[in-house]
Amino acid sequence: MPFFKKNEKAAAVSEALPVHIGIIMDGNGRWAKKRGLPRKAGHSAGAKTFRKITRYCSDIGIKYLTVYAFSTENWKRPEDEVNSLMNLFKPYLEEALADFKDDSIVVKFIGDKAPFSDDLKKLMIENEKSSADRDGMVLNIAMNYGSRDEIVRAVKNISSDVKNGRLSENEIDEQLVSDYLYTAGQPDPDLIIRPSGEYRISNFLLWQSAYTEFVIMNKLWPDFEKSDLDEAIQIYAGRNRRYGGV
Ligand code: FPP
């Protein structure tokens, strides 16, 4: 039986419901290989799952969802795989403009936009601008995102603000560092889900996940169902979060 009934927004009031979920959308390549298909078919199936699970998170009252779509390390993949991912992002981001509007989803991109094509950059900025005033779930799409890179950028920006006098050294504390990250102003993730059975963080939200609960699931991302999300939330709800206390 699913943890939450369809559209059960009241679940939002449940203490068991994480405020912020992160998802490492892993296993697209293996999904395709199992079917004798090219890897790009796996990414295409994964993109459909992304859309389904995003809407479901919004339906059940999740306030923040961060999905890992493309890491700073993914550029190392063969050129045709990188190109097929870029070609996939374009129509999805175009559709997202219209699609997520119905759910009042606020779309943000975390990561460095600079290396993307002008078309993609424009779409990313349009998505951010046109959704900024909505009041629904915040969807962070991590694209060209790497947490170490994010932290290095924060350190550089803090140091230049100290140098130019905008900041004094004794103002630097954990909160200030958080405020210099892409996720500034957002709560840390309560739950990170990694499908496909891999036990790795892969440079995802390293600073933000200091006290996050991890749930690893033995399902490849394109096969991931709403019921799998319910199951992950149920596992999370059974955890005893102590934040270093007793
Ligand atoms: C990791 O699986 C997945 C990726 C590197 C790409 C994820 C992208 C999507 C699901 C598309 C989402 C679309 C938008 C617009 C956000 P893998 O290729 O490493 O799988 P493997 O470990 O089985 O090889």
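Note: hydrogens, waters and symmetry copies are ignored here, and every other heavy atom, side chains too, is used. Quantities reported herein were computed from a predicted structural model and do not represent experimental measurements. Numbering of ligands and ligand atoms starts at 1, following listing order.
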Proximal candidate to atom 9 (C) of ligand 1 [heavy atom criterion; set N74, N28, D26] = N28

What residue pairs, at least two apart or across chains, pass salt bridge (charged side-chain N to carboxylate O under 4.0 Å, His left out) with a residue in residues 179-193?
-> D190-R241

Atom indices of ligand 1 within 4.0 angstrom of A69 heavy atoms, with elements = 6 (C), 7 (C), 8 (C), 16 (C)

Would one find an N or O of R39, backbone or side chain, under 3.5 Å from an N or O of ligand 1?
-> yes

Within a distance under 4.0 Å of any heavy atom of F89, pick out the atoms of ligand 1 and give their elements.
-> 13 (C), 14 (C), 15 (C)

Is the shortest distance from a heavy atom of R77 to ligand 1 less than 4.0 Å?
-> yes

Show which atoms of ligand 1 fall inside a sub-4.0 Å distance from at least one heavy-atom site of G29.
-> 17 (P), 18 (O), 20 (O), 21 (P), 23 (O), 24 (O)

Cation-aromatic face contact R77/W75, 6.0 Å, 45 degrees = no

Are the side chain of N157 and the backbone of Y180 linked by a donor-acceptor contact shorter than 3.5 Å?
-> no

Is the closest N or O pair between G46 and ligand 1 shorter than 3.5 Å?
-> no

When you measure from atom 3 (C) of ligand 1 to every protein heavy atom, which one gives the shortest distance, and what is it?
-> M25 O, 3.1 Å

Would you say the side chains of S178 and W207 form a donor-acceptor pair under 3.5 Å?
-> yes

For ligand 1, which atoms have a heavy atom of Y92 less than 4.0 angstrom away?
-> 15 (C)

